There are 2 protein chains.
Amino acid sequence: MELKEAKAKYIQAWGILGSSWGINKTMGQVHALLMISPEALSTEDIMRELNISRGNANMNIRALIDWGLIFKEFKSGERREYFRSEKDVWELARTVAAQRKQRELAPIIRMLNEARNVKGESSKELDEFKKVTKDLNDFAGKATGILDRFIRSDKNWFTGIFMRLIR
Amino acid sequence: MELKEAKAKYIQAWGILGSSWGINKTMGQVHALLMISPEALSTEDIMRELNISRGNANMNIRALIDWGLIFKEFKSGERREYFRSEKDVWELARTVAAQRKQRELAPIIRMLNEARNVKGESSKELDEFKKVTKDLNDFAGKATGILDRFIRSDKNWFTGIFMRLIR
DNA sequence: TCATACTTTCAATACTTTCTGAAAGTTATT
DNA sequence: AATAACTTTCAGAAAGTATTGAAAGTATGA
């Protein structure tokens with residue numbers, strides 16, 4: 001396979017992966033493009049490579065910066081802005097986990113917790129509700145605990161403890 | 001809070017959570033409804049409780065069965081089909097993990113692996129590409145390893161090893 | 001201050017997904 | 001075989017999301 005072909009494949013795959021996980025296709029593609037590029041790229045470069053409009057490119061670049069996945073870079077003597085991505089996959093995973101936790105998981109878990117605060121005399125329905133929601137909360141508590149630890153951790157924790165897990 | 005209100009809140013939260021993770025809102029809501037119901041429910045029941053059309057109810061019930069998250073149940077003397085959900089959160093998480101791995105992760109990882117099979121003489125671009133895709137694959141390998149272990153595991157593994165992780 | 005080189009915004013449009021309701025299909029019962 | 005009780009399908013409506021391209025905005029420097 002040629003580099004050009006391989007790149008295209010990689011960018012496409014990243015786009016699909018993104019769209020099935022709530023990040024949109026273009027955003028995934030822009031990110032992939034920057035991941036595999038040794039140089040920082042400008043908006044123009046991105047537009048050209050991915051065949052997308054200026055508005056679209058701009059929007060998704062902003063969003064990626066917002067997520068903390070890519071960074072602006074200035075080249076001296078140049079007016080144009082360039083963008084570069086974080087290349088450490090470990091760092092990337094931590095950033096995404098932290099963001100999603102903040103944006104999506106936390107508010108929902110709060111909501112589920114509130115729902116548990118239900119009053120009334122015991123009945124089959126109430127008991128079932130309490131049981132299910134309690135289980136769910138315990139689980140969510142454990143899961144977010146792991147997630148937190150993951151977010152705060154360093155590379156070593158992963159390769160250390162997790163490697164033991166998968167052996 | 002009253003049970004009715006708490007239920008509504010719970011169902012809504014599950015719907016939102018679903019829609020931000022690639023499962024649609026109604027599907028999440030149907031699932032939530034069945035989770036907290038002590039009795040199996042019929043299509044009619046679900047339509048009424050969630051205010052959705054017959055077609056929509058049917059579609060999402062099928063999809064949930066397909067995912068292995070809910071089951072048909074027959075009541076003797078009744079013609080109508082009833083549905084019940086898996087209530088063990090642990091089991092639920094494992095089922096979802098297994099499904100998503102099969103449906104989404106596996107094909108993409110295959111695709112990314114293929115992209116790594118690139119030929120050509122060494123250049124800055126090629127080197128960068130190889131480096132990034134290698135890192136990514138290592139990471140994906142570890143992650144799917146953990147996922148596999150999780151899918152195959154029993155409750156004990158989680159409460160045992162994972163509890164140690166979060167302490 | 002003006003021209004230039006860019007970046008950002010936004011209304012219109014295209015595209016995708018979800019939902020509805022009616023019609024068609026299926027199975028059990030008389 | 002006819003009816004009744006239910007389930008499934010499907011075409012079109014509605015809702016939601018992404019994309020474009022042009023216009024507006026901003027900074028640079030002659």
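Just so it is clear, the structure is predicted and the values come from calculations on it, not from any experiment.
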Minimum heavy-atom distance E128(A)-M35(B), with the two atoms named: OE2-O, 4.0 Å

Residue-phosphate contact under 4.0 Å: N56(B) side-chain N/O, dT20(C) OP1/OP2: yes

Nearest-Å distance for atom pair CD/C1', residues Q29(A) and dA18(D): 12 Å

Side chain R79(B) and base dT29(C) donor-acceptor under 3.5 Å: no

Length of the CD1-C1' vector between I23(B) and dT18(C), whole Å: 15 Å

Whole-Å gap separating C1' (dT18(C)) and CG (N51(B)): 16 Å

Candidate nucleotides dT8(D), dT18(C), dT19(D), ranked by approach to the side chain of T26(B) - the nearest: dT18(C)

Nearest-0.5 Å distance, CG of residue L64(A) to CD of residue E86(A): 13.0 Å

Atom-pair distance (NZ on K75(A); P on dA5(C)), nearest Å: 19 Å

Test item: D66(B) side-chain N/O and A63(B) main-chain N/O as donor-acceptor pair under 3.5 Å: no

N24(A) or G55(A), whichever maps to the more 5' nucleotide of DNA chain D: N24(A)

Upstream residue (5' side of DNA chain D) when K25(A) and E44(B) are each assigned their closest nucleotide: E44(B)

Per N58(B) side chain, nearest of listed nucleotides dT19(D), dT8(D), dT20(C): dT8(D)

Nucleotide dT18(C), atom C1' - distance to CG of L50(B) in whole Å: 15 Å

L17(A) vs L105(B), side chain to side chain contact (heavy atoms under 4.5 Å, CB included): CA-CA, chis, key distance, verdict: CA-CA 8 Å; L17(A) 194 60; L105(B) 223 47; 4.0 Å; yes

M59(B) CE - dT18(C) P separation (whole Å): 7 Å

Distance, rounded to the nearest Å, where N60(B) contributes CG and dT18(C) contributes C1': 9 Å

Sugar-phosphate, base or nothing in reach of R62(A), heavy atoms under 4.0 Å: sugar-phosphate

Other residues, nucleotides, ligands: >12 heavy atoms within 6.0 Å of K25(B) NZ: no

Length of the NZ-C1' vector between K72(B) and dT8(D), whole Å: 11 Å

